[in-house]
Amino acid sequence: MEAPPVSVMPVTGGAINMMEYLLQGSVLDQSLESLLHRLRGLCDNMEPESFADHELVYLLKGQQGNPFLLRARRSLLHPPAPWHLRYLGQPEVGDKSRLALVRNCVDVSASHGLPEVLNEMGFRMDHEFVAKGQLFRKGGMKVVVSKLSRVLVPGNTENTEPLSLSYLVELSVLAPAGQDTVSEDMRSFAEQLKPLVHLEKIDPKRLM
Amino acid sequence: MQQREEKQLEASVESLVTRVAHLKGSLQSFIYKLENEYERLTWPSVLDNFALVSGQLNTINKLLRNEKTPSYRSQVIIPLLLSPDRDEELAKLTEQRVPVFSHEIVPDHLRTKPDPEVEEQEKHLSAEAARIGPEVAQKQIQTLNKLCSNLLEKLNNPRDDRDSETSALRQNKPSFNPADTNALVAAVGFGKGLSKCRPPGPAAPGHPGQPMMSAGPTLHQVTVAGASGHQPGMGGQVNQQQPGQPGKMPSNIKTNIKSASASMHPYNR
């Protein structure tokens, strides 16, 4: 993705060059328990964090004709918590030597006025969904197992409908650019979840 | 004949000593790791250590069961000389654990009978066994046998169940569905399958009644729409319809938004 317009570049100092390394997969509802059980064994010794988030994806059509995307998330379990704004760059999937999908990632927290600010800036909401699930950690690795639901009535997160009979499983690491060794760790971790879940490097463009 | 047996005994004791030394070494390093590196120790390496120890115990067992190994049971050790003085050679051999071969420790180290307390308990038990009649004993044996066979049955059966369950899981029931994976990844990636909707609340200022996003461009469509967005005529027309846009926005962004929704919106046609 082209550099975003200057007006929306976040001023976060050094955190701008963080890359997200990502592997994705899914697990059927009936096998969820086995997966959670295995994750509890493999991950750091802690209770997994439960979450229920409402994600709103905002779109700004840039000068080059490429849309510029921002993801705003809020917690449904802790409404007073700050919103979370995330920019994800275009995934670099072409490089075969890389074992995981790599993309630029900028995270900032935001106040509750975020939707209005984005609206004023010319962003428009493209779609929204609710993700409910659990978060596991192993060192720097994050494993998110979540159920995605579509929002039937815009803005009403009470009225949702599951997207599929599976849970989305994502294994991700945030690391500075160029630290490709993390993807090897991710691969070996993903190997331990087989055959329950196959975590893969999936190019979203392939699915468009 | 006797000489050959002696040689055999010596060789077997020697190999036993080296095996035990190996076992001791791996136990020592394992204990060291547990005590000093427990923070970094990973579960797989703990399992490796256990496997090593269990393998070494197995080889020792095999060695003892080997036909060529003479029966140690028939060998008798007699203390020939006891001395209260420190014996450096002995201390070295035993790694400073047994520095003297004295009257005090010999009974402990060369003991072939159980400890006195154990002997006492055993005596007590045999006295009790002698007291109850053979009939009662028979009954107790029967009860115990029954209990044991019941327990064995319970232990064996669930194993079958479990085996069949896991194999069924492996063969018949896949735990994931690649189509679902694709659908979910597409949904988080660019909102495929999620309803496109207008933002909640009142419509954006300056666009009364105009459903900006209800059928607005999806991410996918925008790429196409963006390319056509540079057509000057369309852009200009759209600009006039948008008096309420913030002044700071670059004009061509507005153009794109409008041209996209204008060209893709089914109701505007």
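In this text, all values refer to a predicted model and were calculated from it rather than measured experimentally.
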Just checking [X]: does its [atom1] atom have more than 12 heavy atoms from other residues, nucleotides or ligands closer to it than 6.0 angstrom?
| X | atom1 | value |
| --- | --- | --- |
| B:Phe50 | CZ | no |
| B:His109 | NE2 | yes |
| A:Glu158 | CD | no |
| A:His112 | NE2 | yes |

**Request:** May I ask you to test the B:Val188-A:Phe129 pair for a side-chain heavy-atom distance under 4.5 Å?
**Result:** yes
**Rounded distance (nearest 0.5 Å) linking atom CG of B:Leu184 with atom OG of A:Ser26** = 6.0 Å
**Message:** Exactly one of A:Glu200, A:Gln24, A:Glu170 should register a side-chain contact (heavy atoms from CB on, under 4.5 Å) with B:Val185. Which one does?
**Reply:**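 Going through A:Glu200, A:Gln24, A:Glu170 one by one, the side-chain contact (heavy atoms from CB on, under 4.5 Å) with B:Val185 is satisfied by A:Gln24 alone.
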Specify the closest pair of heavy atoms between [X] and [Y], including all atoms of both residues, with the distance to one decimal.
| X | Y | value |
| --- | --- | --- |
| B:Ser175 | A:Pro195 | OG-O, 3.3 Å |
| A:Leu69 | B:Gly189 | CD2-O, 4.4 Å |
| B:Gly193 | A:Leu163 | O-CD1, 3.9 Å |

**Item:** ring pair (Phe, Tyr, Trp, His ring centres under 6.0 Å) against B:Phe176, all qualifying residues, sequence neighbours excluded
**Value:**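 Counting only residues at least two positions away or on another chain, B:Phe176 forms a ring pair (Phe, Tyr, Trp, His ring centres under 6.0 Å) with A:His198.
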**Request:** With sequence neighbours excluded, give me every salt bridge (Lys or Arg N to Asp or Glu O under 4.0 Å) pair touching residues 23-46 of chain A.
**Result:**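 Found A:Asp29-A:Lys147.
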**Asked** So which part of A:Val27 gets closer than 4.5 Å to some heavy atom of chain B, the side chain, the backbone, both or neither?
**Response**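 Contact with chain B involves both backbone and side-chain atoms of A:Val27.
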